[in-house]
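Everything below concerns the one structure shown next.
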Amino acid sequence: MGNLDNSDGDSIGDELDILHVDMDAFFAAVEVLDDQSLKGRPVIVGGSGSRGVVAACTYEARAFGVRSGMPMFRARKVCPQGVFLPGRFKRYVELSRELHVVFETFSPFVEPISLDEAFLDVSGAHLLFGSSLEIAKSLRKEIYGKLSLNCSVGIGRTRLVAKLASKKAKPNAKRVPGIGYFEDGIYRVGSDDEKKFLFSLNVGEVWGIGPVTTSSLEKMGVHTVEELSKVEYQVLVSKFGIAKAAWLKSITSGSTQEQLVSKTESKSVSHEETFNTDLDSHSTLDIHLVRLCDAVTRRLRAGKLKASTVVLVLKYSDFTRITRQIKLASPSNDPRTFLKEARSILSQIDVSSGIRLIGVSASGLLEAGGIEDQLSFEEINLEYESQDNLIEAIDEIRAKYGLNSLGPASINGSNTLKAKEHGDNQWG
DNA sequence: TCTGGGGTCCTAGGACCC
DNA sequence: TCTGGGGTCCTAGGACCC
């Protein structure tokens, strides 16, 4: 449909209204932007500890085989001439905000996926900006003009198609000739091309099909989306459950257009830390627990939130991950409450086999001061009230003088170096 | 020198109530 | 006294994403 007016199949009103915009090598590209001497070099952004992984890398680094998610030690091995940087999360957030301002000038319907990625529904923008392809071109131009950063844009009828299309728009993507339309960082999948496009993909390329599902499907002899389309629904149900089977089927059945979701409230706030070497004593773990409870509740307070559930996360040396949660008597963002509950959970867990990671997560979030947020009898106690004032004062001092200006005793004591390193490596 | 950190959603099982 | 189903809430784990 709507493919009669010109050779690339671009036209107004053919319902290809979803754009997926994805910055190219975002974190690494920002580092090059801010230090032009890095231009053309293999820049790798990632954790600086011995157990860090690659968060992003330039295409020059990819040429050496570096990939995001790869352990840093391996990246250093395959690319010893690389420029390894710890990353500057605040700077990425800053540019992300500018990016989203540009998005908003093209459509009021924006669904952010991450700092550097979003869906745009441009169905109402054609009169102003032209066809979806023309909008994509203007968008790329505008983003480069404002941020001096490159992005890739996928155009399709649904979010899934647009998302998969933007991958094919990337500088190093392999594209199948005769499917879709590619031009300068933009890949457009027309309605009449959609089935051919999806069927050409391996199942593992699909957004939402990860390594585990891919391997299950491959064991069934299913490697491509085309092969997946031929599998009986009931077979998928028995293998993956109803929800996932229905979703897998929807990939190939040409699902209808979904509404974009512009903004959602966070459902949890968490911090976790992987140690350079495994820890096997409660007392050492406790030092980290103090800091994590402090960090999580600080973020809750900054967002004017309280949590009704505290979750302790542990990862053992063998990568087994366990979670233990406790529901609070009343919602809280008080580090003392969090620490008390987290400690009581931790005390019941055998850590002698070695703990690689510890984390604290807050869920069941409520606005602080909401109707569910009545004071408990304990909190009405005057002594507590004065300590709450103290916590507020600490937050203010930190806002003025920086996060490390004040903190729990354990941060300012023997663990200072560690705390600083943690601060430098924060991703969010 | 093995494999981050911050999230979301789904599932399964048990407790409890009707 | 035995049997049983459904609904809801909670917990733990797992898959997946960037």
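Letters A, B, ... mirror the listed sequences (proteins, then strands); counts begin at 1.
Residue pairs meeting the salt bridge (charged side-chain N to carboxylate O under 4.0 Å, His left out) criterion with at least one member in residues 60-76 of chain A, sequence neighbours excluded, do not occur. Note on residues 31-57 of chain A: pairs passing salt bridge (charged side-chain N to carboxylate O under 4.0 Å, His left out), not counting sequence neighbours, are E31(A)-R88(A), D34(A)-R88(A), D34(A)-R91(A), R51(A)-D278(A). Screening residues 97-120 of chain A for ring pair (Phe, Tyr, Trp, His ring centres under 6.0 Å) gives H20(A)-F119(A), H100(A)-F103(A), F106(A)-F129(A), F119(A)-W207(A) as the qualifying pairs, with residues at least two apart or on separate chains. Listed by first then second residue, pairs satisfying salt bridge (charged side-chain N to carboxylate O under 4.0 Å, His left out) with a partner in residues 319-332 of chain A read E272(A)-R321(A), not counting sequence neighbours.
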D24(A) and Y59(A): CA distance, side-chain angles, deciding distance, side-chain contact (heavy atoms from CB on, under 4.5 Å) verdict: CA-CA 9 Å; D24(A) 298 340; Y59(A) 289 93; 3.9 Å; yes

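With a 3.5 Å limit on both pairing distances and Watson-Crick or G-U wobble geometry required, the stems of 3 or more pairs in DNA chain B span B:5-18 with C:5-18.
For K146(A), the salt bridge (charged side-chain N to carboxylate O under 4.0 Å, His left out) partners at least two apart in sequence or on another chain are E142(A). Applying the side-chain contact (heavy atoms from CB on, under 4.5 Å) criterion to S361(A), with sequence neighbours excluded, gives S268(A), S270(A), V311(A). In this structure, the side-chain contact (heavy atoms from CB on, under 4.5 Å) partners of T214(A), at least two apart in sequence or on a different chain, are V203(A), I209(A), E218(A). Looking at residues two or more places apart in sequence or on another chain, you find a side-chain contact (heavy atoms from CB on, under 4.5 Å) between F182(A) and R175(A), Y187(A). Residues meeting the side-chain contact (heavy atoms from CB on, under 4.5 Å) test with E226(A), sequence neighbours left out: F199(A), T224(A), K230(A).
Within the 4.0 angstrom heavy-atom criterion, no nucleotide atom of any strand lies near S361(A). In this structure, K327(A) reaches the sugar-phosphate backbone alone: every heavy-atom distance under 4.0 Å involves primed, P, OP1 or OP2 atoms, never a base. Among the atoms of the strands shown, only primed sugar atoms or phosphate atoms (P, OP1, OP2) are found under 4.0 Å from some heavy atom of V269(A). In this structure, V206(A) reaches the sugar-phosphate backbone alone: every heavy-atom distance under 4.0 Å involves primed, P, OP1 or OP2 atoms, never a base. Counting any heavy atom pair closer than 4.0 Å across all strands shown, G208(A) reaches sugar-phosphate atoms only and no base atom. The residue R76(A) sits apart from the nucleic acid: no heavy atom pair falls under 4.0 Å.
Comparing I242(A) and D318(A) against DNA chain B, the residue whose closest nucleotide sits nearer the 5' end is D318(A). Remark on DNA chain B: of its neighbouring residues K77(A) and A243(A), the 5'-side contact belongs to K77(A), judged by nearest-heavy-atom nucleotide.
Comparing the same atom, C1', in dG4(B) and in dC16(C) gives a spacing of 16 Å after rounding to whole Å.
With a glycosidic angle further than 90° from 0, dC2(C) counts as anti.
Note that the first and last nucleotides of DNA chain C, 5' to 3', having any atom under 4.0 angstrom from a heavy atom of chain A are dC10(C) to dC18(C).
In the region residues 212-235 of chain A, proximity to DNA chain C at under 4.0 angstrom, judged on heavy atoms, holds for V212(A), T213(A).
D121(A) and S123(A) are linked by a side-chain donor-acceptor pair at a separation below 3.5 angstrom, with hydrogens and angles left out of the test.
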